[in-house]
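Below is one structure, written out as structure tokens; comments come after it.
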Protein chains: 2
Amino acid sequence: MTLYSEPVAATRSTGRRERLRAETTAEIKRTALQLMGSGGPDAITLRAIAREMGMTANAIYGYFATRDDLVTALIEDVYTALADAVDAAWAASAKDAPAQRIQAWAHAFRDWALANPEGFRLIYGDPVPGYQAPTGGAAPDAARRVCVGIAALADTAWGSAERSHGDGDFDWDDFDPGLLGKVRPAFPALPPAGVALALRMWGHLHGLVALEVYGHLRAQTLSPDKLFHAELVQLIRSLGLVA
Amino acid sequence: MTLYSEPVAATRSTGRRERLRAETTAEIKRTALQLMGSGGPDAITLRAIAREMGMTANAIYGYFATRDDLVTALIEDVYTALADAVDAAWAASAKDAPAQRIQAWAHAFRDWALANPEGFRLIYGDPVPGYQAPTGGAAPDAARRVCVGIAALADTAWGSAERSHGDGDFDWDDFDPGLLGKVRPAFPALPPAGVALALRMWGHLHGLVALEVYGHLRAQTLSPDKLFHAELVQLIRSLGLVA
DNA sequence: TGCGGAAACTTCACGCCGTATAGTTTTCGC
DNA sequence: GCGAAAACTATACGGCGTGAAGTTTCCGCA
């Protein structure tokens, strides 16, 4: 996850001031992520960022109205990076091998989380002291992308999974319209029960990964890899697929 | 969850000073939990607790060496309360109805989490700014109790679940000896694959509940109840049981 | 009964934090 | 070349955890 890299050459199209501003904004976020990587999410303080950058803490207020705004921006970017990672794994997998596609997606998800534990905490945990998530913005977009990604898993397997996961009397208005606005056009064959299956699969993967990232799993098992693999084998089997 | 209630009568056996001390300790914890309930885990500050109790922040240092120690004590107590809740549900369920027992346990888990979201975050999330979990103590004990509880679920169902969950080449040394020290004597018939099943079930339940508690699920579905119920139905089915 | 010492608690202090206000320097557009 | 806007600094406030030192209260023992 290399975010906010310096531009190699200045673009002449936009003004110099504007460009500097964008670069500084990127540097602030880059520094924040760097601090988070070395000292956890709590290390994201305006003063520490400013110290690192050789400025005053208040200078950051020219770029972010508040610390929460900065955190929000970070969450958006990190969440987008996660969505990119799993989308890429999905796109790179063979389209005619559902079981492998699902494994590729799930492993991309877990690998990203283990490689960016602070990012995972930032997205799915209590991000930072006193932070209140705003409504709207890019983070819900990325969240939706991840959900749509899981819906793709469910859709790929739905032909064989319908037999065992088809009931549960789910209805379209059990789900958020915004989610359905993305899912239904993309996967017209997926019924409400399929979306429910997707959310449940999300829960399964999230649970195992969250327990691992937060250290609860390592206290019980010495081989979380094996456990995750078993989980996937079982998931694929339960979807009526063969690996 | 009513923790730290005042003693109805003073016990004569211990000295007055000692008793007062225990009461004050309980009051500190009670106040901390109360603050957490009204303002989230971030509201647990020594100064706020002291303010609430009409003392100085530094007076608390007579009872807890550091803020993290206080948080650790809270985690232990809250985790124990969770373990008590699920254990009670398990004990109260009919012993000859595995499917119902599992449902009872799982619902107790989710209900407790939804009723004590801050407690859940305290246990399973980033508890509080900058908090570092110590090694050892009562929290791992409670964690183990929960794990043993899930192992009980797996054990109850193992007769029918073995057919579909029996493989995966797990070994005893894939697991923490401390966990096995509790699990193996309690459930002698449960093989390594059964313990792995238990941990995976833990992951499933944890994932769904965590997504719900942290608000990620509500952004996608309007009926998490239904989703959780479908999850249990599917779990029970996958264990080879009938509800 | 009185006294020594421990325990409980307060006061003051330090350095951290987010952030508001006001002032200063730099830079762009005309 | 100049006026305005943008970028940044200085100073300040209140809140945080925590350390050191001082004060009061109370228990156990002679």
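So you know, we letter chains A, B, ... as the sequences are listed, proteins then strands, and number each from 1. Here the structure is a predicted model, which is why all the values come from computation and not from measurement.
Counting any heavy atom pair closer than 4.0 Å across all strands shown, B/Thr45 reaches sugar-phosphate atoms only and no base atom. Nucleic acid contact class of B/Thr66 (heavy atoms, under 4.0 Å, all strands): sugar-phosphate only.
At whole-Å resolution of the value, CD in B/Glu23 and P in C/dC9 are 12 Å apart. Whole-Å rounding puts the B/Met55 CE to D/dG17 C1' distance at 16 Å. Atom C1' of nucleotide D/dA7 and atom CZ of A/Phe64 are separated by 15 Å, given to the nearest angstrom. Rounded to whole Å, atom C1' of C/dT19 lies 12 Å from atom CG of A/Asp68. Between the C1' atom of D/dA7 and the CG atom of A/Asn58 lies a distance of 12 Å, rounded to the nearest Å. With rounding to whole Å, B/Ile28 atom CD1 is found 10 Å from C/dA8 atom P. Spacing between atom CD1 of A/Ile60 and atom C1' of D/dA7 amounts to 13 Å, rounded to whole angstrom units. Between the C1' atom of D/dC16 and the CG atom of B/Asp42 lies a distance of 12 Å, rounded to the nearest Å.
Between B/Arg51 and D/dC16 there is a side-chain polar atom (N or O) within less than 4.0 angstrom of OP1 or OP2. The phosphate of C/dT26 (OP1 or OP2) has no side-chain N or O of A/Arg21 nearer than 4.0 angstrom. Taking 4.0 angstrom as the limit, A/Arg67 places none of its side-chain polar atoms (N or O) nearer than this to OP1 or OP2 of C/dT19.
Listed nucleotides: C/dT19, C/dC9, D/dG15. Nearest to the side chain of B/Ala59: C/dC9. Distances from the side chain of B/Tyr61 to the nucleotides C/dC9, D/dG17, C/dA8 place D/dG17 closest. Closest to the side chain of B/Tyr63, from the set C/dC9, D/dT18, D/dT11, is C/dC9. The side chain of B/Leu46 sits closest to D/dT18 out of C/dT19, D/dT18, C/dT11. Relative to the side chain of A/Arg47, the nucleotides D/dG15, C/dT19, C/dC9 differ in distance, and C/dT19 lies closest.
Side-chain contact between B/Val209 and B/Tyr124 is absent, with no heavy atoms from C-beta onward closer than 4.5 Å.
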Side chain to side chain donor-acceptor pair (under 3.5 Å) between A/Asp174 and B/Thr221: does it pass, once the steps are laid out? CA-CA 6 Å; A/Asp174 285 326; B/Thr221 178; over 6 Å; no
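The pair B/Arg110-B/Asp225 counts as a salt bridge, with a side-chain nitrogen and a carboxylate oxygen less than 4.0 angstrom apart. By the 4.0 Å N-to-carboxylate-O rule, A/Arg144 lies close enough to A/Asp176 to be salt-bridged with it.
In this structure, A/Asp69 CG and A/Ile60 CD1 are separated by 12.5 Å, a value rounded to the nearest 0.5 Å.
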